[in-house]
Amino acid sequence: MASSGKMEGPSAPALRRDPYEVLSVSRDSSDQEIKSAYRKLALKYHPDKNASNPEASDLFKEVAYSYSILSDPEKRRQYDTAGFEALENEGMDMEIDLSNLGTVNTMFAALFSKLGVPIKTTVSPTVLEEAMNGTVTVRPLPVGTSATGKVEKQSAHFFGVTISEEQAHSGIVVRVTSVAQSKFKLLFFEHEVNGGYGLALQEDSQKTGKVTSAGMYFLHFQVYRMDSTVNALAMAKDPEAAFFKRLEGLQPCEVSTLKPGTHIFAVYGDNFFKPASYTIEAMCAKSYEETTDRLKEIESKILEKRNDLRQFEMEYRKALARFQEVTTRYMQEKEAVDDMLRERDDIHSAFTTERTMASSVGVASSSRYPAEQSRAESPENGNIDGRDKSSKKKWFNLNLNRSDKRA
């Protein structure tokens, strides 16, 4: 059994217990047994029903956290292999109850959803409790017919689909579409011994072309559903390698066969603020034998391709690591070559006479100029001041001589 430890992230409980212990199920429990245990405990500890019990909120989070592990085949496998440590780097996600968020938080959730951030929501405990008590109104939906409606947010419309033995043998398909692109959940309930209905399956609507849709296929062979949040989380963690996770969201449906009798389905309004418009229809697969065969064939190919991609991802990552290594060396070698060629050019530039000639001219000029200046300032060499002085002397003497002669 994995040891308890402190949580990482806001969606896990403060102290982690073995999720099997929390849900009171054995390690070999089926997906359906785990889901049933979770629904009952979630209803029991939901904060709305335990306002006077502060411990109920923590227990509710612990139950939801444990279910988020055991309801995901990959996370369950990782936990069974290596405990919580194997999940610490996987970024655990958790479903939220919109009816308990409040207006401000609901606005933020709606904004993030609009931006493409995966927001997992859970069915309102009020709806689950009413179904469990058998107090919901169930409308008949005969096979081969459809019904349209508009369901309020965090509310559900229930339908009863009655099938014959022949129809059960051929297979049944129930689909819901919304041309208004509303967000909704398609729910399937099983009959409880007390006369109520327990939630067994749920499918979130996905955008397919210009509509949103969800479907359940009971065709006597393993059918798969696509969990888009797996792709979105993979994209957020590693955008470059998210391609390899596109098929990891393909999860096996827990129920693939319906027995003759009346089965309960519901359309749950999952819009953040407004009602969800929808059309629900129930069909017998006998009229779609070719389509059924194509579905079985394509899902088989997808599973085979998923295995191929898992192997190819290992090869890709090795090649990518080698490419990054080679690219790093390429940049290093390029820089080294550039440095050596630059140094070589500098050395070549050192072989020049310009620097020597400039030095010689500088020395000659500095040695010549003082002599020339000295000669220029010397009276004997015809200095201006010298000539002026001599001229003045001769002029002075000349005047004196003339004065003397006149005298």
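In this text the structure is predicted, and so the values were computed from the model without any measurement.
Classification of the His191-Tyr197 ring pair by plane angle, with boundaries at 30° and 60°, yields perpendicular. A perpendicular orientation is assigned to the rings of Phe159 and Tyr278, their planes being inclined by more than 60° (bins at 30° and 60°). Using bins of under 30°, 30° to 60° and over 60° for the plane-to-plane angle, the ring pair Tyr316/Phe312 lands in the tilted bin.
Within 6.0 Å of CZ in Arg294 there are 12 or fewer heavy atoms belonging to other residues, nucleotides or ligands. Counting heavy-atom neighbours within 6.0 Å of Glu304 CD, excluding the residue itself, gives a total of 12 or less.
Side chains of Ile172 and Gln167 form a contact here, defined as non-hydrogen atoms less than 4.5 Å apart.
A salt bridge links Arg342 with Asp339: the closest approach of a Lys/Arg side-chain nitrogen to an acidic carboxylate oxygen falls below 4.0 angstrom. Ion pair Asp338/Lys334 flagged as a salt bridge, since at least one NZ, NE, NH1 or NH2 atom sits closer than 4.0 Å to an Asp/Glu carboxylate oxygen. Look at Lys301 and Glu297 and you find a salt bridge, because one of the NZ, NE, NH1 or NH2 atoms lies within 4.0 Å of a carboxylate O, short of that distance.
Looking at His157, its side chain never comes within 3.5 Å of a backbone N or O of Thr137 through a donor-acceptor pair. Within the 3.5 Å criterion, the main-chain N or O of Glu130 finds a donor-acceptor partner in the side chain of Thr135. The closest donor-acceptor contact from the side chain of Ser300 to the backbone of Lys296 lies at 3.5 Å or more, if one exists at all.
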Report the C-alpha distance between Phe218 and Phe188 in whole Å, list the side-chain angles of each, state the deciding distance to 0.1 Å, and finish with yes or no for ring pair (Phe, Tyr, Trp, His ring centres under 6.0 Å). CA-CA 12 Å; Phe218 307 94; Phe188 171 65; 5.6 Å; yes
Please report the C-alpha distance between Arg310 and Glu313 in whole Å, then the side-chain angles of each, then the deciding distance to 0.1 Å, and finally whether the salt bridge (Lys or Arg N to Asp or Glu O under 4.0 Å) criterion is met. CA-CA 5 Å; Arg310 287 172 178 172; Glu313 182 181 6; over 6 Å; no
